[in-house]
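In what follows, chains are A, B, ... by sequence order, proteins preceding strands, each numbered from 1. Only a predicted model underlies this, so the values are computations on that prediction, with no experimental measurement involved.
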2 protein chains.
Amino acid sequence: MQFGERVRELRVQQGLTQQTVADRMSVSVSYISKVENGKLHFGDYPSEKFIHKLADELKADEDELLLLADKVPASIRSRIRQNPELFRRLAQMDRRSLKALEKSLVSNK
Amino acid sequence: MQFGERVRELRVQQGLTQQTVADRMSVSVSYISKVENGKLHFGDYPSEKFIHKLADELKADEDELLLLADKVPASIRSRIRQNPELFRRLAQMDRRSLKALEKSLVSNK
DNA sequence: CTGCATGTTGACCCAAAAGTGCAAGTAGCT
DNA sequence: AGCTACTTGCACTTTTGGGTCAACATGCAG
């Protein structure tokens, strides 16, 4: 799932038009359109500030959107800072091990 | 330990002057000074590109410096992208659980 | 005490990123 | 045909990041 797709999905789910969202966020419609279509002038995603406001407006999970936009949410960043060794280790693990770890965490939630 | 402190420490350990480092990196001395003192006009830390070069020049561990500068090293970022759910979950765990997890990972490395 | 080496700071500058806004177009509906 | 929602190119403005420069402190060797 791409960032823009998800944004559109959220917007449509709430029966909102681009115009409405644009107005509420006080940005231009064309910008919203470009965001949803991933056609920003440069860079693939809007700024974190924008995403923050957008998540608010669409009652969406900000971290989910940040992750889709390939940005690291503050919640995760602060964990990394507190525990760098753990995360460096995770970074070195292969995908299968990570998947396995995810499973084990989900089970004993 | 703060980013700037660590940079100074590394520089002094190698008997280098700010001027030397500045020259080698082809930036101005004043910039190096500000970096070490955390007095950048804006933002608290230099760019990732700068940190990369700096780590190189000071023969330091780039990821260590990145983490001190509250940035997420590419190695970790790419893992997050591949596995966002895992990392969201980790972000929600408390410190004790994370410590425990780290221990378990170290043991069955 | 002077003069050089080193480091610090504020004011300023420039380029790139982020977003604006129009105009002209597409597509579906009634 | 005409309305509504959306798309897209383009030129423009604003903001922010990353840096320089010049002037100032400070320590210390001769």
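- Nearest heavy-atom pair, B:Pro46 versus B:Leu40, reported as atom, atom and distance to 0.1 Å: N-CD1, 3.4 Å.
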note = Per-nt protein contacts along nucleotides 23-30 of chain D (heavy atom under 4.0 Å; B base, S backbone sugar-phosphate only, - none) come out as --------

Protein-nucleotides 2-7 of chain C N/O pairs under 3.5 Å:
residue, atom, partner, partner atom, Å
C:dG7, OP1, B:Arg11, NH1, 3.0
C:dG7, OP2, B:Thr17, OG1, 2.7
C:dG7, OP2, B:Gln18, N, 2.8

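- Note that the NZ atom of A:Lys99 and the OG atom of A:Ser104 stand 12.5 Å from one another [nearest 0.5 Å].
- No side-chain donor-acceptor contact under 3.5 Å links A:Ser26 to the backbone of A:Asp23.
- Note on B:Val29 and B:Leu16: separate hydrophobic clusters, where clusters join Ile, Leu, Val, Met, Phe, Trp and Tyr whose side-chain heavy atoms are under 4.5 Å apart, directly or indirectly.
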Hey, can you pull the donor-acceptor pairs under 3.5 Å for the side chains in residues 52-60 of chain B, sequence neighbours left out?
residue, atom, partner, partner atom, Å
B:His52, ND1, B:Glu62, OE1, 2.9
B:His52, ND1, B:Glu62, OE2, 3.1
B:Lys53, NZ, B:Met25, O, 3.1

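- Among residues two or more places apart in sequence or in another chain, the side-chain contact (heavy atoms from CB on, under 4.5 Å) test is passed with A:Arg95 by B:Arg79, B:Gln82.
- Classification of A:Arg8 and A:Glu5 as a salt-bridged pair fails, no side-chain N sitting under 4.0 Å from a carboxylate O.
- Listed for the A:Arg77 side chain is a donor-acceptor partner under 3.5 Å among the backbone atoms of A:Val72.
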Listing time: all N or O pairs from protein to nucleotides 17-24 of chain C that are below 3.5 Å?
residue, atom, partner, partner atom, Å
C:dG19, OP1, A:Ser47, OG, 2.6
C:dG19, OP2, A:Tyr31, OH, 2.6
C:dG19, OP2, A:Ser47, N, 3.3
C:dG21, N7, A:Ser30, OG, 3.2
C:dG21, O6, A:Lys34, NZ, 2.7

task = Would you give a per-nucleotide map of nucleotides 25-30 of chain C, 5' to 3', where B means the base has a protein non-hydrogen atom under 4.0 Å away, S means only the sugar-phosphate does, and - means neither?
result = ------

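- Within the 4.5 Å cutoff, the side chain of B:Leu90 has no heavy atoms near those of the A:Asn83 side chain.
- Both A:Ile32 and A:Leu65 are assigned to one and the same hydrophobic cluster, defined by single-linkage of ILVMFWY side chains at heavy-atom distances under 4.5 Å.
- Taking hydrophobic clusters as Ile, Leu, Val, Met, Phe, Trp and Tyr residues chained together by side-chain heavy-atom distances below 4.5 Å, B:Leu67 shares a cluster with B:Phe87.
- Straight-line distance from the CG atom of A:Asp23 to the P atom of D:dC6: 12 Å, rounded to whole Å.
- By the rule that hydrophobic residues join a cluster once side-chain heavy atoms approach within less than 4.5 Å of another member, B:Ile80 and A:Phe3 end up as members of separate clusters.
- With rounding to the nearest 0.5 Å, the separation of CZ in B:Arg88 from CE in B:Met93 is 15.5 Å.
- What separates NZ of B:Lys39 from P of C:dA11 is a distance of 14 Å, to the nearest Å.
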